[in-house]
Amino acid sequence: MPMTTAAADDRLREEVRLLGGLLGEVIRAEAGQDLYDRIEAVRQASVAYHRHPGARGSAELERLLTDLSLDQAVGLAHGFAVFSLLANVAEDRAGKRRARSQTVEGARPDTPEGALARLAAAGRSPEDARALLSEALISPVLTAHPSEVRRKSVLDRITAVSDLLDACDRDDLACAPHVLTTGLQRQIVILWATRLVRTTGLVVQDEIDTVVSFLERVFLKVAPEQLIDWRRRLNAPDLKPFIRIGAWVGGDRDGNPNVDADALRAAFATPARAVLRHYLDAVNTLGAELSLSGSLARISPALEALSQASGDESPHRSDEPYRRALSQIYARLSATHSALTGQTAPRPAAFTAPTYSGPGDFRADLTVLQDSLIASHGEAFSDDSLSHLIATVDVFGFHMATLDLRQNSDVHARVVGDLLRVAGVCPDYAALDEDARLVLLSHELATPRPLFSPYASYSPETLKERAILQAAAEALDRFGPDAIRTHIVSKTDAASDLLEVYLLLKEVGLYRPDAPGACPIQAAPLFETIDDLRAASPTLERLLAEPSALAVARARGVQEVMIGYSDSNKDGSYLTSTWELHEASRALLDVTESVGVRLQLFHGRGGAVGRGGGSSFAGVLSQPTGTVAGRIRITEQGEVIANKYGEPDVARRNLEALTAGTLLASLTPPPDERLSTVHGATATALSQASMKAYRALVYDTPGFVDYFRAATPIAEIAELKIGSRPTSRTASTAIEDLRAIPWVLSWSQSRVMLPGWFGFGSAVAGQDMQELRTMAADWPFFRTLVQNMEMIMAKADMTIARRYASLVPDQALAATIFGALQAEWDRTRDAVLAITGQSELLGGQPELDRLIRLRMPYVEPLNHVQIELIRRRRAGDDDPRVREGILLAINGVAAGLRNSG
């Protein structure tokens, strides 16, 4: 029987109480009764302050926090941070239970059952779904953006706690109170005694290792299972993989000087080592299983040939053809492991064998075994561990994840200018206008003559970029064409920015003038700012007028374009960013259709609403008609990776939601085109008014930067060891130069959540409210926008934000700017409630409302502790424990809010 909402809530609270109670026992035993009592006192005072934010509510809280010793403050932050992590485990498990309780008839549309049912209701057949998925590309791309503040050691302990509770669900014996309690207590003790924050900065290899840990522990299991399931559902045993995991780590060098050619090589060697060792273990296990004797079982001629060609001379396996074949396969894999990773396989083969030239050859050998088993023994062998291994090879090959390259257009321009100058072609490329650049680049792309000379002198930047592209060429040669597909160009504002990439690819032999369509890497523009988005269509149109770029797009069948949510938001407000992204997407589709290629949009989303976050399923459905068409890529960044893909069941659910959204958006598109026409003028007016209000505050208000840097923990966030790149692009303190991640994370920590809502209230003032209600009811684009704002505003707390404002030295400035924030907050809340017809935020999303309300009493104390410790540090207390306490509080708030970066 499906679990009722009340029962689900009760179960969630039970688990929160269980984990919280065990944590309390651990705190008493490990840190003493005094700390436990203080944690409880601060929690109760925080709740009282929330209810009565004036003098009555704040006096006790102020007294408790001011009287804290440093050890007590650090212990307090540590305790609440650990509880937030444990509460997240219970919440994730509640989500898994809700997913399992769905029946086929009542399945949500973001599940396979629900999506197929909705397709059927719209007159679409399983054959339509099969045809779409056979050509689809659905790619979550794991990036190195540093908003994940949790260490891998902490994530491992969280996984262990979740696994213990999952075992209890599956096995009554594991639920015996002493068994479950003892196991959980052991893990919570380890978690309590584990440092939650890093003491040293990350390097690129750390980020590579972290991404590979998710690939190895979760995706290797989940992605093949999902593929097999869809093959079964659609009766399509040869359905090609449509989920392709992507990565940026080790290839994204935009603003990260630590990414070089060696980092790129490591970005391939590390996942190759993981996936090949997985294959070696699987082949070894198959060898133990497939003990069939040639004298007792029929075998195919192909298997007989593979067995006879084996170098396995063991007499014990002389009449065991499957084992002999698997010995040969294992030996070839072992040799391939050494060739691709530079390391000997953990369990070396008993004899030498040639390497595999690619995953296709490995798959072909496995298929020989499978075909023989099925032909001789029936369909019982069509869905087994061997078929799962074949599906895994289909999805991951030898490279595991497709790596994107990314660099800033300014770097490309300097490198191309250096090459042209030294070659005597153009003394000052930077001085050329766009038309002159295109003429020059087109001419150079048509000639096979390289510009680079090994005997000339170049800038270090030029040599570094060339070395990276040489490493990319090596990777493609070693791992195949799926290893790297795209080179993204940040800060694209002209077609020449993309032709420069092709010219640099020509220098390392990847672009050939005699066969431009054979270039294995496509240059993809990234349109980020509001102005860039507005100019995206003519820029792409000019690019595809160039024979070189058009040849690559036509050979591939698609032109990829990346659109950035973060910087466009920081540039112009959430509403304006969302609308300009929508309009740019529609215009880009017109351009690609005019030249006969498909548009493949790459959505550069972050976790927070201010960076494009929110439900991926709703986000896909809200895209303009025709812009999905079975192909979509989405960045997964920071803490979102662990939240969405940290555990197999949760990862499977999120991959299914992406798949369901892609199917529905492609085969039953919403009436976006009509509604965009009907309501487009209103949306444009809202966007313009929102941007005006937003920029008036953020860019035009005197002292706003000072307020931001004092009333948020931006300076303290810069000290978190959470990434290998700096928080700002330059040494400037200007908002324009600040990276979007710390910008959003700072406002999240201070509970303002400004990037997720500011400007909407001012925009709505004076508008026809009935039309806005109609837009929210009928138009998925606008409905998703409003729902995302609701969610992020429910996590905001202007009462706590007022306490952060007390950190500003100039309290007159603080009063002015906080007053503006509060007034716009009130306008926006009132506007959202008027549009939705609700009496309170999330009134129409009770499940989400309950989850947030359950979590906030344990997040808010961390905010108060953080404020107090920041106050001490900025007053001159440079004790390292003050810094430690601040970072622990940042860690805990981020964990509790879940999508804050």
Side-chain angles (χ1 to χ4, degrees), residues 96 99 110-112 115 129-130 132-143 159 210-234 236-249 268 270-282 359-360 362-363 366 383-404 479-480 482-483 485 616-617 620 630-636 640-663:
K96 288 189 287 185
D110 60 353
T111 64
R130 183 166 62 237
L132 182 85
L133 290 180
S134 68
E135 299 295 329
L137 174 68
I138 303 170
S139 180
V141 181
L142 312 182
T143 80
T159 299
T210 297
V211 165
V212 170
S213 73
F214 285 103
L215 291 168
E216 186 175 18
R217 182 170 52 85
V218 177
F219 287 103
L220 266 178
K221 176 180 186 293
V222 170
E225 286 178 350
Q226 188 203 24
L227 176 62
I228 291 169
D229 182 57
W230 278 99
R231 284 172 172 173
R232 189 183 303 116
R233 289 178 185 278
L234 299 176
D238 296 324
L239 181 67
K240 295 186 297 184
F242 51 87
I243 292 286
R244 295 286 191 181
I245 312 303
W248 272 15
V249 187
F268 284 103
T270 306
R273 191 157 46 244
V275 76
L276 286 166
R277 291 180 181 183
H278 175 83
Y279 295 156
L280 286 165
D281 288 343
F362 173 42
R363 187 192 194 281
L366 295 176
D383 189 5
D384 60 358
S385 55
L386 176 57
S387 64
H388 190 282
L389 176 57
I390 292 171
T392 306
V393 178
D394 288 342
V395 176
F396 293 104
F398 290 161
H399 63 287
M400 207 173 192
T402 299
L403 188 71
D404 288 341
F479 293 96
D482 287 329
R485 302 279 292 166
S616 295
F617 176 72
V620 174
R631 304 185 74 86
I632 190 167
R633 297 214 299 150
I634 300 175
T635 53
E636 303 287 14
V640 172
I641 297 176
N643 291 340
K644 292 175 67 173
Y645 303 107
E647 191 267 321
D649 285 349
V650 177
R652 176 71 177 271
R653 194 165 72 245
N654 280 290
L655 291 180
E656 295 293 20
L658 268 180
T659 302
T662 302
L663 279 169

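Just so it is clear, the values below take in all heavy atoms, side chains as well, and ignore hydrogens, waters and symmetry mates.
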> So L276 and F362, side chain to side chain contact (heavy atoms under 4.5 Å, CB included) or not? Walk me through it.
Replying inline: CA-CA 11 Å; L276 286 166; F362 173 42; over 6 Å; no

How about [X] and [Y]: do any of their side-chain heavy atoms sit closer than 4.5 Å?
{"X": "P140", "Y": "R244", "value": "no"}
{"X": "V650", "Y": "Y645", "value": "no"}
{"X": "F242", "Y": "L132", "value": "no"}

Working to the nearest 0.5 angstrom, can you tell me the gap between [X] [atom1] and [Y] [atom2]?
{"X": "I243", "Y": "S139", "atom1": "CD1", "atom2": "OG", "answer": "8.0 Å"}
{"X": "L366", "Y": "S387", "atom1": "CG", "atom2": "OG", "answer": "11.0 Å"}
{"X": "N654", "Y": "F617", "atom1": "CG", "atom2": "CZ", "answer": "12.5 Å"}
{"X": "L227", "Y": "K240", "atom1": "CG", "atom2": "NZ", "answer": "12.0 Å"}
{"X": "L133", "Y": "T659", "atom1": "CG", "atom2": "OG1", "answer": "7.0 Å"}
{"X": "Q226", "Y": "I228", "atom1": "CD", "atom2": "CD1", "answer": "11.0 Å"}

> Salt-bridged, D229 to R233, with N to O below 4.0 Å?
Replying inline: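 The answer is yes: the pair qualifies as a salt bridge.
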
> Taking it one step at a time, do D110 and E656 satisfy side chain to side chain contact (heavy atoms under 4.5 Å, CB included)?
Replying inline: CA-CA 7 Å; D110 60 353; E656 295 293 20; over 6 Å; no

Please find the pair of heavy atoms, one from [X] and one from [Y], that lie closest to each other, and give the distance.
{"X": "L389", "Y": "A282", "answer": "CD1-CB, 3.9 Å"}
{"X": "A651", "Y": "V218", "answer": "CB-CG1, 3.4 Å"}
{"X": "H388", "Y": "L220", "answer": "CE1-O, 4.3 Å"}
{"X": "P112", "Y": "W230", "answer": "CB-CZ2, 3.7 Å"}

> Given T143 and E636, is the side chain to side chain donor-acceptor pair (under 3.5 Å) satisfied, shown in steps?
Replying inline: CA-CA 6 Å; T143 80; E636 303 287 14; over 6 Å; no

> Between I634 and V141, is a side chain to side chain contact (heavy atoms under 4.5 Å, CB included) present by the stated rule, with each step listed?
Replying inline: CA-CA 6 Å; I634 300 175; V141 181; over 6 Å; no

>> Between R130 and L234 (side chain of the first, backbone of the second, donor and acceptor by atom type, cut-off under 3.5 Å), is there such a pair?
In response: yes

>> side chain to side chain contact (heavy atoms under 4.5 Å, CB included) for T392 and H278? Distances and angles first, verdict last.
In response: CA-CA 10 Å; T392 306; H278 175 83; 4.2 Å; yes

>> Taking side chain to side chain donor-acceptor pair (under 3.5 Å) as the definition, give me every residue that meets it alongside E225, ordered by chain and number, with sequence neighbours left out.
In response: K221

> Should the ring pair F479 and F268 be called parallel, tilted or perpendicular, given that the plane angle runs from 0 to 90° and is split at 30 and 60?
Replying inline: parallel

Residues 393-404, side-chain donor-acceptor partners within the protein, below 3.5 Å, at least two apart:
residue, atom, partner, partner atom, Å
D394, OD1, R363, NE, 2.4
D394, OD2, R231, NH2, 3.0
D394, OD2, R363, NH2, 3.2
T402, OG1, D482, O, 2.8
D404, OD1, R633, NH1, 3.4
D404, OD1, R633, NH2, 3.3
D404, OD2, W248, NE1, 3.0
D404, OD2, R633, NH1, 3.1
D404, OD2, R633, NH2, 2.9

